[in-house]
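Everything on this sheet refers to the single structure shown next.
Source: prediction; values computed, not measured.
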Amino acid sequence: MKKESTLVDDYISKSTDFAKPILKHLRKLVNDTCPEVEEKMKWSFPHFDYKGEMMCSMASFKQHCAFGFWKASLMKNWENIFKEAGEKAMGHLGQIKSLSDLPADKVLIGSIKEAMKLNDDGIKVKKAKPAVSKKFVVPEYILKAIRKNKKAQKTFEEFSTSHKKEYVEWITEAKTEETRDKRLEKAIEIMCEGKSRHWKYARK
């Protein structure tokens, strides 16, 4: 018979009194439904791994408990049972303050079996694609104006991208064309002195 983790034992024993029966019940359901599950402590709270992958987890807080599935977004019950509650708290069952806040055992068992099958089938949660940063582009009208002044052009070309952005954003964020032109004129004047947009605040 598979041994339960002593680390999870300790976690439950140190939880507040209201949380202990909730954590023990959830733990028993997971272990009874999935005898091959591995209990582990990750990020300071209990996780249940199956087939070498995370399957679900539980946690105890001062006034509530939480329970969630690693691949909840791929589960059929996600929309019907978990999503609304999960938006209000960590986990997918909302804030669990007593055993009565849990869905019926047969519902949880069905969800655990569904989570098991996802791991059995090797289905992965799709990683979010990293945000594509927009390439910094200096408007042509700004470049054209700067090129008319050799000193300003030299300064601008030697600036770091962040310093260039400071000037470009200041100019392009003007609400009127008149204000924009005045800012562009002032920017060129300051650049002729080899100064950045916020030179007054630069550390000496």
Side-chain angles (χ1 to χ4, degrees), residues 1-136 161-162 165 169:
M1 183 176 176
K2 176 180 66 65
K3 290 184 179 180
E4 295 180 337
S5 169
T6 55
L7 293 175
V8 175
D9 290 337
D10 291 341
Y11 182 90
I12 294 175
S13 67
K14 293 175 182 178
S15 298
T16 52
D17 289 341
F18 87 90
K20 290 175 183 177
I22 299 170
L23 298 175
K24 288 178 181 178
H25 186 71
L26 288 168
R27 183 189 198 184
K28 187 175 187 306
L29 280 180
V30 174
N31 278 279
D32 287 351
T33 307
C34 182
E36 297 174 46
V37 79
E38 292 181 73
E39 295 185 346
K40 295 183 179 181
M41 290 295 293
K42 299 177 184 179
W43 305 305
S44 300
F45 57 93
H47 281 70
F48 302 95
D49 289 8
Y50 174 62
K51 293 287 180 74
E53 290 188 77
M54 285 191 287
M55 185 173 72
C56 54
S57 62
M58 63 184 187
S60 171
F61 302 98
K62 288 184 178 180
Q63 297 181 335
H64 73 277
C65 294
F67 182 78
F69 290 93
W70 182 248
K71 298 177 181 178
S73 60
L74 302 176
M75 296 168 66
K76 294 177 182 178
N77 280 333
W78 169 253
E79 293 291 337
N80 300 324
I81 300 172
F82 306 128
K83 190 173 182 181
E84 184 177 350
E87 288 175 346
K88 299 175 183 176
M90 175 183 172
H92 302 116
L93 301 180
Q95 295 188 3
I96 308 167
K97 299 180 180 180
S98 69
L99 288 170
S100 62
D101 290 332
L102 291 171
D105 285 357
K106 64 178 182 180
V107 173
L108 283 173
I109 290 170
S111 298
I112 293 167
K113 288 181 177 179
E114 187 178 359
M116 288 173 62
K117 190 173 187 310
L118 289 172
N119 283 20
D120 281 332
D121 295 343
I123 297 174
K124 308 287 186 182
V125 176
K126 290 183 179 180
K127 293 182 179 180
K129 293 182 179 179
V132 179
S133 57
K134 293 182 179 179
K135 187 177 179 180
F136 174 60
T161 301
S162 60
K165 279 185 177 180
E169 288 176 357

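By the salt bridge (Lys or Arg N to Asp or Glu O under 4.0 Å) test, D9 pairs with R27, sequence neighbours left out. Taking the side chain to side chain contact (heavy atoms under 4.5 Å, CB included) definition, one finds that S162 meets it with S160, sequence neighbours left out. Checked against side-chain hydrogen bond (donor to acceptor under 3.5 Å, both in side chains), D32 has the following partners two or more places apart in sequence or in another chain: K28. Under the side chain to side chain contact (heavy atoms under 4.5 Å, CB included) criterion, E169 pairs with K165, E173, sequence neighbours left out. For S13, there are no side-chain hydrogen bond (donor to acceptor under 3.5 Å, both in side chains) partners, not counting sequence neighbours. Residues meeting the side-chain hydrogen bond (donor to acceptor under 3.5 Å, both in side chains) test with K124, sequence neighbours left out: E53. Here D120 pairs with Y50, K51 under the side-chain hydrogen bond (donor to acceptor under 3.5 Å, both in side chains) rule; sequence neighbours left out.
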Identify every side-chain donor-acceptor pair in residues 40-47 under 3.5 Å, counting partners at least two apart or on other chains, and give the distances.
from, atom 1, to, atom 2, distance (Å)
K42, NZ, D49, OD1, 3.2
K42, NZ, D49, OD2, 2.7
H47, ND1, K42, O, 3.4
H47, ND1, F45, O, 3.1

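C56 and V30 make their closest contact through SG-CG2, 4.0 Å (heavy atoms, listed as atom of the first residue, atom of the second, distance). Considering all non-hydrogen atoms of both residues, L23 and A59 come closest at CD2-O, 4.1 Å. In this structure, K97 and F18 approach most closely via the heavy-atom pair O-CD1, 3.4 Å. Nearest heavy atom pair, residue E39 against residue S5, reads OE1-N, 2.8 Å. Scanning both residues, S60 and Y11, for their nearest heavy atoms gives N-OH, 2.7 Å.
Evaluation of the side chain to side chain donor-acceptor pair (under 3.5 Å) test over residues 15-26, restricted to residues two or more places apart or in two chains, returns H25-D105.
Side chain of D101 to main chain of S98: a donor-acceptor pair is present (N/O by atom type, distance under 3.5 Å, no hydrogens or angles). Within the 3.5 Å criterion, the main-chain N or O of M75 finds no donor-acceptor partner in the side chain of E114.
Annotation: the span from I112 atom CD1 to L26 atom CG amounts to 8.0 Å, rounded to 0.5 Å. Remark: L93 CG to H64 NE2 distance equals 11.0 Å, nearest 0.5 Å. In this structure, CD1 in I109 is found 5.5 Å from CG in L29, a value given to the nearest 0.5 Å. Once rounded to the nearest 0.5 Å, the distance linking CZ of F48 with OG1 of T33 reads 11.0 Å.
For the pair D121 and K117, the salt-bridge criterion is met [side-chain N within less than 4.0 Å of a carboxylate O].
Side-chain contact check for M58 versus F67: some heavy-atom pair is nearer than 4.5 Å.
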